[in-house]
Structure formats: structure tokens, C-alpha cells
Amino acid sequence: MLRYQIIPVTHYQQNCTLLWCDETREAAVVDPGGNIERILSVLVEHNLSLVKILLTHGHLDHVGGTAALVAAMQATSGSTLLPIEGPHKDDMFWINILPQQAQMMGFTTPQNFQPNVFFEEGDQVGFGNIRLQIRHCPGHTPGHIIFFHAETKLALVGDVLFKGSIGRTDFPRGNYDELVNAIRTKLWPLGDDVKFIPGHGPMSTFGEERLNNAFVADKNFG
């Protein structure tokens with residue numbers, strides 16, 4: 001069965017999430033934006049083996065700790081490099097400008113990295129006995145993806161959707177109409193009872209947001 005723990009990181013309080021299979025103890029970390037020591041301590045606490053890093057999009061508060069986590073795991077285990085998977089290839093331009101992002105956002109400049117895998121709409125990714133579905137949800141960034149676990153009806157949506165709000169679209173290559181369309185056509189069909197972990201802030205359900213979210217509630221659309 002899928003287990004998870006949210007680990008807020010950086011001064012942006014970004015919801016890094018550790019996912020694991022409770023049968024195999026294999027784990028994946030989603031959006032390790034920073035504070036790598038916190039992530040490592042949770043791995044030790046639950047006796048988990050980290051097997052991959054998953055990224056929803058290329059903004060620094062979500063990816064800034066990626067290279068440091070890869071280096072830390074290699075130093076402690078001596079194993080081959082930890083694979084970095086995601087986001088969609090259209091977000092590589094954000095990853096390529098990590099130094100500029102750091103300057104704008106008040107972060108120390110992280111080491112750059114190259115994902116091992118880019119995801120497309122309809123792909124799947126696995127660890128242990130867990131399989132996650134991929135949905136491409138552009139708008140906040142052009143290459144933003146979300147992860148969905150059908151068995152537990154849990155989605156990790158990054159900065160696509162928040163409790164009561166949606167992601168910003170005023171960044172380079174952001175697009176408000178694309179974001180709203182992605183939410184309504186890629187997320188809502190997954191089910192009202194789906195719980196989601198946003199990139200920041202508290203969890204909610206798609207049903208709650210369809211009723212009350214000022215930006216994407218059903219009542220705002222014909």
C-alpha cells in the first residue's frame with residue numbers, strides 16, 4: 001500500500017512529499033526543493049530505501065535540492081546515481097536557469113542537474129509495488145505534470161491547484177487559460193473524492209474545489 005509524509009521545505013514552505021511502498025520499503029521523493037537533511041531523517045525514521053526523485057515542475061522551490069539529494073544518497077550508500085524523473089521536457093528551460101531563479105527567489109544557488117526521464121501525458125512511473133499515473137497539466141509552467149495513485153485516490157499536483165486557489169500564471173510561458181483547462185479536463189475527471197497534496201498549503205479534495213474554488217468551481221462555467 002502507498003504511504004506518504006509531507007515534508008515542508010525552504011522558506012517557501014513547499015510541500016515536498018515522501019512516498020513509499022509499505023511492502024517493499026522502496027520510496028520516491030516528490031519535489032525535493034531543499035532542506036535535504038529533513039528528507040534524509042524521514043527516510044531513516046521509516047527505514048526506507050530511496051530509489052528515485054520525481055519532479056512536478058522546474059521552479060526552484062520544488063527542484064533546488066535535487067542535485068544535493070543525489071550526492072548525499074551516493075555518499076551514504078555508494079550506489080549508482082539516484083534517477084531523477086520528470087517533469088515534462090517543456091520545463092527544462094526552468095531547470096537550465098536555476099542560478100537566475102535563485103537570485104530572484106532569495107535562495108543560495110544550487111547545483112544544476114539533468115533529469116534522466118521526461119514524462120508525457122499518459123505515462124506511468126513505479127517504485128516498489130506502487131504505480132503512479134502521469135497527467136501533463138500546463139499553465140503554471142509549460143511542462144508541469146501531476147502524479148495520481150488510483151488505488152488510494154491521491155494526487156500530487158504541485159502548483160497546479162491549491163485549496164481555494166490555483167497556480168500563478170504570470171511567470172514566463174505561464175498561461176491562465178491553459179491552467180484552468182488542465183484543471184477541469186485533467187484533474188476533475190479523476191473523481192471528486194480524490195485527495196490532493198498541493199505544492200504549498202493544506203490538502204483538499206477535487207470535489208471541494210469544484211464547489212468552492214473561486215477560480216475553477218463548476219458554478220463559474222456553463
Side-chain angles (χ1 to χ4, degrees), residues 4 6 9-10 12-17 19 28-34 52-66 83-98 100-101 104-105 107 110 112-125 132-149 154-190 194-201 203-204 206 209-210 213 215-216:
Y4 67 88
I6 298 171
V9 297
T10 83
Y12 277 44
Q13 289 295 283
Q14 188 272 123
N15 287 334
C16 170
T17 304
L19 304 173
V29 63
V30 180
D31 289 354
K52 62 183 57 180
I53 295 171
L54 302 176
L55 303 177
T56 62
H57 66 293
H59 284 164
L60 181 58
D61 53 323
H62 292 256
V63 306
T66 300
I84 303 165
E85 302 187 2
H88 184 280
K89 63 182 181 298
D90 286 351
D91 257 25
M92 191 62 209
F93 87 98
W94 278 114
I95 296 171
N96 285 335
I97 61 167
L98 285 178
Q100 293 95 315
Q101 289 197 63
M104 290 187 300
M105 298 168 67
F107 284 71
N112 218 316
F113 63 91
Q114 172 71 40
N116 302 96
V117 174
F118 290 112
F119 290 124
E120 300 283 348
E121 172 73 20
D123 284 348
Q124 293 192 3
V125 61
L132 304 175
Q133 300 175 23
I134 309 297
R135 299 287 185 272
H136 180 210
C137 295
H140 177 65
T141 67
H144 202 305
I145 61 169
I146 68 100
F147 300 100
F148 175 58
H149 187 245
L154 177 72
L156 294 94
V157 303
D159 287 354
V160 170
L161 179 68
F162 303 108
K163 181 177 176 63
S165 189
I166 61 174
R168 291 176 58 176
T169 57
D170 57 338
F171 295 120
R173 295 181 64 186
N175 186 298
Y176 179 86
D177 290 337
E178 281 191 350
L179 180 59
V180 170
N181 181 67
I183 292 168
R184 292 180 54 79
T185 64
K186 302 289 185 70
L187 300 189
W188 290 174
L190 298 176
V194 171
K195 304 180 299 295
F196 69 91
I197 300 172
H200 307 265
M203 294 178 65
S204 183
F206 290 161
E209 301 313 303
R210 291 185 71 172
N213 190 301
F215 298 91
V216 288

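Bear in mind the structure is a predicted one, so any value in this text is a computation, not a measurement. Below, each value reflects all heavy atoms present in this structure, side chains not excepted, and no hydrogens, waters or symmetry copies. When a residue number appears, it is its place in the shown sequence, counting from 1.
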Using distance only, find each side-chain donor-acceptor pair of residues 157-175 under 3.5 Å and give its atom names and separation, not counting sequence neighbours.
from: Asp159; atom 1: OD1; to: His62; atom 2: NE2; distance (Å): 3.3
from: Asp159; atom 1: OD2; to: His62; atom 2: NE2; distance (Å): 3.1
from: Asp159; atom 1: OD2; to: His140; atom 2: NE2; distance (Å): 3.4
from: Arg168; atom 1: NE; to: Asp170; atom 2: OD1; distance (Å): 3.0
from: Arg168; atom 1: NH2; to: Asp170; atom 2: OD1; distance (Å): 3.3
from: Arg168; atom 1: NH2; to: Asp170; atom 2: OD2; distance (Å): 2.9
from: Asn175; atom 1: OD1; to: Asp177; atom 2: N; distance (Å): 3.1
from: Asn175; atom 1: OD1; to: Glu178; atom 2: N; distance (Å): 2.8

Nearest 0.5 Å please: distance from the [atom1] atom of [X] over to the [atom2] atom of [Y].
X	Y	atom1	atom2	answer
Gln100	Met105	CD	CE	13.0 Å
Leu19	Ile6	CG	CD1	10.0 Å
Ile183	Arg135	CD1	CZ	15.0 Å
Phe148	Leu154	CZ	CG	8.5 Å
Ile146	Ile197	CD1	CD1	11.5 Å
Leu132	Ile145	CG	CD1	10.0 Å

So which atom in [X] and which in [Y] form the shortest heavy-atom distance, rounded to 0.1 Å?
X	Y	answer
Phe119	Gln124	CE2-O, 4.3 Å
His88	Phe118	C-CD2, 3.8 Å
Gly143	Pro87	O-CB, 3.4 Å
Gly58	Leu98	O-CD2, 4.4 Å
Pro83	Asn116	CA-OD1, 3.3 Å
Val9	Gly33	CG2-N, 3.9 Å

Could you tell me if the side chain of [Y] sits less than 4.5 Å from the side chain of [X], heavy atoms only?
X	Y	value
Phe215	Glu209	no
Ile95	Gln114	no
Glu120	Lys89	yes
Val63	Phe113	yes

| message | Checking Phe196 now: which residues fulfil ring-ring contact (aromatic ring centres under 6.0 Å, His included) with it, not counting sequence neighbours? | response |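 Checked Phe196 against ring-ring contact (aromatic ring centres under 6.0 Å, His included); matches are Phe206.
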
| said: Applying ring-ring contact (aromatic ring centres under 6.0 Å, His included), can you list everything that pairs with Phe107, at least two apart in sequence or on another chain? | reply: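 For Phe107 the ring-ring contact (aromatic ring centres under 6.0 Å, His included) partners, ignoring immediate neighbours, are His11, Tyr12.
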
Residues forming a side-chain hydrogen bond (donor to acceptor under 3.5 Å, both in side chains) with [X], sequence neighbours excluded:
X	answer
His149	Glu151, Thr152
Gln13	none
Asn15	none

| request: Indicate whether any N or O donor in one side chain lies under 3.5 Å from an N or O acceptor in the other, for Thr10 and Asp61. | output: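 No pair is found: no donor N or O on one side chain lies under 3.5 Å from an acceptor on the other.
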
| task | List the steps, then state whether side-chain contact (heavy atoms from CB on, under 4.5 Å) holds for Val29 with Leu54. | result | CA-CA 6 Å; Val29 63; Leu54 302 176; over 6 Å; no

| field | Identified side-chain hydrogen bond (donor to acceptor under 3.5 Å, both in side chains) counterpart of Glu121 within the set Lys186, His136, Gln133 | value |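 Among Lys186, His136, Gln133, the one that satisfies the side-chain hydrogen bond (donor to acceptor under 3.5 Å, both in side chains) with Glu121 is Lys186.
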
| said: Thr56 and side-chain hydrogen bond (donor to acceptor under 3.5 Å, both in side chains): which single residue from Asp31, Asp91, Thr141 fits? | reply: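 Only match with Thr56 under side-chain hydrogen bond (donor to acceptor under 3.5 Å, both in side chains): Asp31.
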
| ring pair (Phe, Tyr, Trp, His ring centres under 6.0 Å) assessment of Trp94 paired with His57 | CA-CA 8 Å; Trp94 278 114; His57 66 293; 8.8 Å; no

